[in-house]
There are 2 protein chains.
Amino acid sequence: MNRRTTITDVARAAGVSVATVSKAINGRYGVSPDTLSHVMTVVEDLGYESSLVATSMRRRSTNVIGVLVAEFEPFALQLLRGVSAALEGTDYDVLAYAGSVSAGEHLGWERRSLSRLGGTLIDGAILVTPTTTRAETSVPIVAVDPHVGADGPATIGVANLEGARAATDHLISLGHRRIAHLRGRTDLESAQERERGYREALTAAGIPFDPALVVDGGYRAADSTAGAHAILDLPDTPTAVFAANDLSAIEMMRIATERGLRVPADLSVVGFDDILDAASHAPQLTTVRQPLPEMGTAAVRMLLDVLKGSDPEPVRMPTTLIVRESTAAPRQ
Amino acid sequence: MNRRTTITDVARAAGVSVATVSKAINGRYGVSPDTLSHVMTVVEDLGYESSLVATSMRRRSTNVIGVLVAEFEPFALQLLRGVSAALEGTDYDVLAYAGSVSAGEHLGWERRSLSRLGGTLIDGAILVTPTTTRAETSVPIVAVDPHVGADGPATIGVANLEGARAATDHLISLGHRRIAHLRGRTDLESAQERERGYREALTAAGIPFDPALVVDGGYRAADSTAGAHAILDLPDTPTAVFAANDLSAIEMMRIATERGLRVPADLSVVGFDDILDAASHAPQLTTVRQPLPEMGTAAVRMLLDVLKGSDPEPVRMPTTLIVRESTAAPRQ
DNA sequence: CTGTTAGCGCATTCAA
DNA sequence: TTGAATGCGCTAACAG
């Protein structure tokens, strides 16, 4: 648990000044070849590496890209995979940060995290499903699946409405008529769009919309438990559920199974996202795929563009219905 | 792209000194209730949040836990999930860092990353599959699946040998006799242990060990391609392959399929890790599960213990063989 | 109770 | 070519 070796240690060991070491490391002019090689040797010996913290206080850029998330859930992790892959080979490091939103916190996690890291530590940030995209930030940002709508200049969104329609159409085409919707967080645009897609599909099929069939899930497993029960407690139990995301779909299946129902024999379930858990669940979840790694890659590309000064167009990625095992025709 | 609001901005807006703002924010004594509430109002208005960087330079602790990885691959991501879950509800933030190992870098990524973040930015670090566990660090560390052996004081390891034996035993029990091993990185202890488990299983079953059947894979998909081909090019082609991890197992399946073989009809494949991709692959991969999220949780618990001053015992997690679809009896 | 001062580790002037 | 001084945003010790 020793102290880090600082630039001062290197300077002392090399018998030169701190400034010389700094210049040598950063390849600035004004260091004699002899001194340079000597300093570099000492640097190697001591295993010195400049402190990100100190560097970032003085320098403009740190070559670190921040990925800011509310928490490390599967959606963000899949995205991170794409981000990491896209940055492979560049000289950027990736710093993923999950800021805890301690109770009583007024600003959203994204503002808090940006405020803490921005300006200095990171050159730019990728915000994953932020609830706000206010532009008054200190570093360039790209928002992925922002919950207020993917219409900002630097945003990566997905076709929520179309995806939700496809999911619901799929259930209808299997013969389901009584289809519940385990809704996402109602304050988020993605949830609203998915609900709209659900309703549009019903309308298009001539199925009257029943408000009782829409139950709040909130996108998180723990928040979906009550909703899942509520759906199964409905009089004239629905034969199918379109859940607003995979986590709540999986929770829906868990509760259904717990209550003795079989999926898909007694209840069909469709999710949204296609996180890896969807395919590894038993039964495998039918869902609407968002191309998460590709979205991460696109976000990186967009951020690097912004960093270069350009002003990119918003990107809207397509969704694909992935039919697996959790959906089937209703029993007669 | 404005400047961040700094503590100076707040001080100026509130008409007090910087020190007073600092004290108010950090709840130190010596601020009158009036001043306090006034300052806090300004803080709210301006949306001020202290810079992690600056704070960490002056303070002992930042309440940030670092998770240091070489890259964000599935193994690390699953682990991160456990880490994140374990830190939920505490007032710790999680900072996951992937340091790019630019070519010509001599120190390992873990030393580089620790050097960059350590000392100030993070209170402690969880190193994911580090190749070294040298103790000369500036912050407490816990190593997960360290590649030099899980015998350090603060390490979380898995039963590599037993897992590898189970995997190989499974193939043998299916009737395979000619079983290849797509080995991991030979400089890493985990790879050596897995190879040992493979050999022990063969020996126990009375199958002579054939060195030609062991081919290097290197744990990464890209590094396994050549090895996968090599195995299939072997005279008297093996009927089964035990790959040192899931990524190389999946690559093995990909190459086999590409060459017209069917898995498991023509070739059985077993992996190691049970990353989520294993179960979502078609055919689903038979593999040896490491309880990754639990390992992440255990790492957090251990790190918090270390932070509290205790000196924990190393933990060795059990592995479980998960039989799925990629293994079957050999054809006659 | 409040403001002033020093310094964390580093990169950047500017002077020697 | 080198080195001493300066300041980044912040907190802790001290002075007022």
Side-chain angles (χ1 to χ4, degrees), chain A residues 2-39 42-43 46 48-64 114-122 138-139, chain B residues 2-40 42-43 46 48-64 114-123 138-139:
Chain A
N2 323 324
R3 244 170 22 79
R4 284 185 62 251
T5 45
T6 73
I7 197 171
T8 316
D9 301 329
V10 176
R12 187 160 32 226
V16 297
S17 80
V18 175
T20 306
V21 176
S22 173
K23 276 185 274 193
I25 290 170
N26 297 292
R28 298 275 182 279
Y29 290 110
V31 183
S32 73
D34 283 359
T35 325
L36 181 80
S37 71
H38 177 222
V39 168
V42 174
V43 166
L46 270 49
Y48 168 78
E49 193 80 25
S50 78
S51 154
L52 229 202
V53 171
T55 305
S56 74
M57 289 253 304
R58 296 291 308 153
R59 259 210 183 150
R60 238 327 173 27
S61 99
T62 54
N63 273 23
V64 177
L114 262 180
S115 217
R116 299 200 78 186
L117 305 183
T120 40
L121 236 204
I122 55 182
S138 46
V139 291
Chain B
N2 323 324
R3 244 171 20 80
R4 281 186 63 250
T5 42
T6 73
I7 197 173
T8 315
D9 301 328
V10 176
R12 190 162 26 225
V16 296
S17 80
V18 173
T20 305
V21 176
S22 174
K23 277 186 272 193
I25 289 169
N26 296 293
R28 298 276 182 276
Y29 291 110
V31 183
S32 73
D34 283 358
T35 323
L36 180 78
S37 71
H38 176 225
V39 169
M40 293 314 272
V42 175
V43 166
L46 269 49
Y48 168 77
E49 193 80 25
S50 76
S51 155
L52 225 205
V53 171
T55 306
S56 76
M57 288 248 310
R58 297 292 306 152
R59 259 210 183 148
R60 239 322 174 30
S61 96
T62 54
N63 272 23
V64 176
L114 263 179
S115 217
R116 299 201 78 186
L117 304 183
T120 40
L121 236 204
I122 54 182
D123 289 352
S138 46
V139 292

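Proteins come first, then strands; the chains are lettered A, B, ... in the order of their sequence lines, and each starts at number 1.
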Beyond-backbone contact of B/Y48 with B/I7, side-chain heavy atoms, under 4.5 angstrom: yes

Integer-rounded Å distance: D/dC14 P and B/Y29 OH: 19 Å

The helix from C/dC1-D/dG16 to C/dA16-D/dT1: angle between end helix axes, five pairs per end, rounded to 10 degrees: 50°

Within-4.5 Å side-chain heavy-atom neighbours: B/L121 and A/L121: yes

B/L121 CG - C/dG9 P separation (whole Å): 13 Å

Residue-phosphate contact under 4.0 Å: A/T120 side-chain N/O, D/dG9 OP1/OP2: no

Touch class at under 4.0 angstrom, heavy-atom based, for A/V31 against every strand present: sugar-phosphate

Interatomic distance, B/E49 CD vs D/dG9 P [rounded to whole Å]: 16 Å

Flag for B/S56-B/T62: side-chain donor and acceptor within less than 3.5 Å: no

Closest non-hydrogen atom pair, A/V21 against A/V16: CG2-CG2, 3.8 Å

Side-chain N or O of A/S32 closer than 4.0 Å to phosphate OP1/OP2 of D/dT1: no

Nearest-angstrom distance from the residue atom CG of A/L36 to P of D/dT1: 11 Å

Donor-acceptor pair, side chain of B/T35 and main chain of B/V31, under 3.5 angstrom: no

Sugar-phosphate, base or nothing in reach of A/T35, heavy atoms under 4.0 Å: sugar-phosphate

Any donor-acceptor pair under 3.5 Å from B/R28 side chain to B/N26 backbone: yes

Least distance between heavy atoms, A/V139 atom then A/L114 atom: CG2-CD2, 4.0 Å

Donor-acceptor contact present, side-chain A/R116 to main-chain B/E49, <3.5 Å: no

d(CZ, A/R12; C1', C/dC10) in whole Å: 15 Å

Check: A/D9 side chain, A/T6 main-chain N or O, donor-acceptor pair, under 3.5 Å: yes

A/T6 side chain, from C-beta outward: closest of C/dC1, C/dG9, D/dG3: C/dG9

Under 4.0 Å protein heavy-atom contact, by nucleotide of nucleotides 11-16 of chain C - B base, S sugar-phosphate only: BB----

